[in-house]
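Notes to accompany the following structure.
Each chain gets a letter, A, B and so on, in the order its sequence line appears, and its residues count up from 1. Keep in mind that this is a model prediction, so the values were computed, not measured.
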Number of protein chains: 2
Amino acid sequence: MADLAQLAGVSKITVSRALGDSPLVNPETRERIQVLAREHGYKLNISARNLRLRRSHTVAVIVEMKPSTDRTMFDPYPLVLLGGISQELTAAGYSVLLTTRQGASAAAVQAADGLILLGQGAHQDAVRRFDKLCLPMVVWGAQSASDAHVVVGSDNRLGGAVVARHFIALGRHRPVFIGNPSHPEIFERLDGFIDALAVRGIKPLLMRRDEFTVDSGMDAVRSLHARKVGFDAIFACNDLLAMGAIRATLDLGRSVPADVSVVGYDDMPLGASFLPPLSSVRQDWQEGGMLLARKVLALIEGEPASSECLPVSLIVRST
Amino acid sequence: MADLAQLAGVSKITVSRALGDSPLVNPETRERIQVLAREHGYKLNISARNLRLRRSHTVAVIVEMKPSTDRTMFDPYPLVLLGGISQELTAAGYSVLLTTRQGASAAAVQAADGLILLGQGAHQDAVRRFDKLCLPMVVWGAQSASDAHVVVGSDNRLGGAVVARHFIALGRHRPVFIGNPSHPEIFERLDGFIDALAVRGIKPLLMRRDEFTVDSGMDAVRSLHARKVGFDAIFACNDLLAMGAIRATLDLGRSVPADVSVVGYDDMPLGASFLPPLSSVRQDWQEGGMLLARKVLALIEGEPASSECLPVSLIVRST
DNA sequence: CGGTATCAAGATACCGATAACATTTTAGTG
DNA sequence: CACTAAAATGTTATCGGTATCTTGATACCG
């Protein structure tokens with residue numbers, strides 16, 4: 001920058017101002033300097049600026065992404081959220097520093113202006129860990145009375161309730177829930193499901209399954225059958241589970257949706273092309289990501305931000 | 001750091017050394033300072049260090065991730081690559097700066113020590129654009145004589161050839177290729193496919209389809225049928241297309257694999273649970289990501305790095 | 001013409017770390 | 001005990017920008 005200043009016959013600070021479009025420089029001078037900078041391929045040193053401004057214009061996004069061939073990596077889930085986040089942050093001139101739980105101790109995270117945590121972790125442990133960094137932080141997941149963070153998430157209770165009402169409307173009365181309620185989000189779905197069914201005095205059966213895969217879904221239904229448990233509706237907390245459940249149900253010679261209604265969750269694109277086309281609860285991840293981003297940005301600017309709960313919608317197809 | 005120095009009764013530089021585990025300080029002093037730092041919750045200012053060292057220990061990863069509900073965002077593809085990249089970089093003390101094509105002009109990218117570009121872009125345009133940043137760069141995609149970059153990718157020609165040989169072994173002689181060969185990687189698959197079939201004097205039919213979806217695959221097969229084109233084998237350049245093709249084929253009353261053999265590409269986890277279980281070409285993305293990371297790191301260290309072509313394997317299931 | 005806004009540009013200090021060189025302390029040696 | 005090598009610590013300068021405060025020039029006023 002000093003060189004550029006000499007070239008332009010002005011001082012460093014004037015160059016700085018010119019490049020920053022400051023109104024403190026003569027428009028002509030500014031133009032001249034900007035042209036000169038472009039010609040010489042001058043690039044501002046971001047690290048220096050970050051140091052001086054005590055701002056990195058960077059937000060760290062912490063994903064629970066195990067390096068192994070793990071389910072979460074294959075899910076649309078984090079990527080679509082990331083898409084929304086990225087879009088908003090980029091628009092605001094911020095960058096996304098992507099980190100896994102393990103890597104979050106790496107240096108660069110500390111330099112971030114804010115934190116977005118995707119997934120609270122099994123027992124809020126993730127949340128507590130990153131709290132220590134003392135950075136503006138927002139979390140994607142389920143609201144919880146116990147923590148005072150800004151949380152953005154879908155209305156999982158509503159999701160469960162909507163499915164329950166759907167089953168009630170269809171006259172089903174022996175519903176099954178497949179999933180792992182130790183994830184806060186899943187728990188909420190189950191809870192909403194139970195509450196809404198209780199209105200009609202119906203109690204669903206919980207098939208706890210830790211894996212969110214097709215195989216796991218098939219296994220759940222087979223195990224129901226083996227135990228000779230009757231059921232006429234299945235709410236799977238994920239589309240893959242739902243697909244597996246449908247497959248196993250059909251294998252057992254029962255019809256979907258005539259004998260058994262099935263609803264999944266997430267409305268993955270593949271669901272619409274499944275045979276039969278899958279009914280599912282859709283949450284707007286794109287919007288969620290954007291909201292997360294806007295909230296951190298607000299916090300970074302020192303403005304207040306509140307938790308938010310996004311609506312979900314039931315997409316009824318053929319199951 | 002100055003405060004900490006005063007607290008410890010030493011100079012700033014000694015603190016710096018102690019925290020950096022430099023052998024230049026007395027082990028006792030080092031220990032004392034580190035304890036003090038921890039107690040007082042002292043955090044190194046990364047921006048200052050970056051400035052001084054002219055190193056950010058950050059690698060920018062540029063993904064072609066459109067903000068819209070686009071296919072790439074739902075694919076396992078970028079995330080698994082990212083997983084591998086992230087794992088290696090983290091292990092080496094580096095961080096991942098995730099950027100989209102659009103956002104890559106954002107400040108922070110310039111501060112990165114290196115660049116990983118996922119996808120060359122339709123006509124190498126992405127490559128050329130980021131070349132200007134003059135950073136160590138490696139690209140995921142297809143080798144090409146025309147560019148002098150370090151490229152890591154799967155052996156797409158081999159992928160095509162393997163499928164061709166599989167079809168030949170099955171005695172098929174009217175194969176169809178579904179996909180969009182204007183992507184360099186897809187082109188290679190097609191090319192390898194054609195070459196290997198040519199040995200037996202077989203010429204495949206190309207069904208060009210731009211979308212990589214189930215619907216698109218169904219559409220391709222229906223269109224073949226409408227045009228009364230005979231075929232007994234389908235090589236889809238993506239598993240979703242393959243699933244669609246199978247579905248449409250079955251709909252038309254033909255059997256898979258008795259009448260028509262189908263092979264997909266990518267071996268997505270869902271493929272194994274598809275009905276019938278999908279045969280597919282598997283590429284090792286995890287490994288690819290790790291390789292990409294290692295190569296940028298090498299370039300950053302000033303060491304040479306060469307392009308690399310990863311093997312692929314045909315997973316034969318029931319189609 | 002002195003006095004005061006207004007605008008443009010410069011001087012200086014500083015952000016918080018580390019490299020290079022300088023200095024002091026300690027230990028070892030004949 | 002003088003002398004030297006090695007170890008431990010300190011001094012200074014610097015990375016490359018920007019905020020703050022000043023200064024100089026120009027314009028406008030009665």
Side-chain angles (χ1 to χ4, degrees), chain A residues 1-34 36-38 40-58 93 95 106-113 133-135 300, chain B residues 1-34 36-38 40-58 93 95 106-113 133-135 300:
Chain A
M1 185 176 260
D3 299 354
L4 199 62
Q6 194 156 17
L7 246 113
V10 296
S11 66
K12 272 191 354 178
I13 186 67
T14 303
V15 173
S16 172
R17 284 174 183 145
L19 297 179
D21 280 328
S22 157
L24 286 163
V25 286
N26 187 310
E28 290 169 29
T29 315
R30 181 195 312 168
E31 186 60 31
R32 188 163 50 91
I33 294 176
Q34 290 187 350
L36 222 51
R38 227 170 300 141
H40 292 256
Y42 171 78
K43 292 266 173 12
L44 208 82
N45 182 317
I46 302 301
S47 298
R49 178 217 225 115
N50 288 350
L51 172 59
R52 180 69 236 228
L53 298 182
R54 293 136 160 265
R55 273 280 193 103
S56 63
H57 286 274
T58 288
S95 302
V109 176
Q110 297 174 25
D113 295 335
L133 290 179
C134 295
L135 287 173
I300 290 173
Chain B
M1 185 178 261
D3 300 354
L4 199 61
Q6 194 154 20
L7 247 112
V10 295
S11 66
K12 272 190 356 177
I13 188 67
T14 302
V15 174
S16 173
R17 285 175 182 143
L19 297 179
D21 278 329
S22 157
L24 286 161
V25 286
N26 187 310
E28 289 168 28
T29 314
R30 181 196 312 167
E31 188 58 32
R32 186 164 51 91
I33 295 176
Q34 289 187 350
L36 222 52
R38 226 170 302 141
H40 291 255
Y42 170 77
K43 291 266 173 15
L44 207 82
N45 183 318
I46 302 302
S47 298
R49 173 211 231 124
N50 287 350
L51 171 59
R52 180 69 240 231
L53 299 183
R54 292 136 159 267
R55 273 282 193 99
S56 62
H57 287 272
T58 288
S95 302
V109 176
Q110 296 173 26
D113 295 335
L133 290 179
C134 295
L135 288 173
I300 290 173

Pick the closest DNA chain D nucleotide for B:A48 and for B:L24 by heavy atoms, then say which residue is nearer the 5' end. B:L24
Rounding to a whole Å, what distance do you find between A:R54:CZ and C:dA17:P? 10 Å
For nucleotides 19-28 of chain C, give me every protein contact, N/O to N/O, under 3.5 Å, one pair per line with atom names.
none

Outermost contacting nts on DNA chain D, any atom under 4.0 Å from chain A heavy atoms, listed 5' then 3', are D:dG16 to D:dC21
On DNA chain C, compare the nucleotides closest to A:P23 and A:K12; which residue's is nearer the 5' end? A:P23
Quickly work out the A:R30 CZ to C:dA9 C1' distance and round it to whole Å. 14 Å
Rounded to the nearest 0.5 Å, what separation is found between the CZ atom of A:R32 and the OG1 atom of A:T14? 9.5 Å
Residue whose nearest DNA chain D nucleotide is more 5′ - B:P27 or A:L51: B:P27
Set of residues satisfying salt bridge (Lys or Arg N to Asp or Glu O under 4.0 Å) with respect to B:R55, sequence neighbours excluded: B:E301
How long is the span from the CG atom in B:L51 to the CD1 atom in B:I46, to the nearest 0.5 Å? 12.5 Å
At what distance, to the nearest 0.5 angstrom, does CZ of A:R17 lie from CG of A:N26? 13.0 Å
Identify the heavy atoms of A:S11 and A:A5 that sit nearest to each other, and give their distance. C-CB, 3.6 Å
Show the nearest heavy-atom pair for residues B:Q110 and A:K43, with the distance to one decimal. OE1-CD, 3.6 Å
Pairing partner (Watson-Crick or G-U wobble, both distances under 3.5 angstrom) of C:dA20: D:dT11
Interatomic distance, A:N50 CG vs C:dC14 C1' [rounded to whole Å]: 16 Å
Contact class for A:S47 vs. all strands (heavy atom < 4.0 Å): base, sugar-phosphate, or nothing? nothing
Closest approach of B:T58 to A:A108 (non-hydrogen atoms, all atoms of both residues): OG1-CB, 4.0 Å
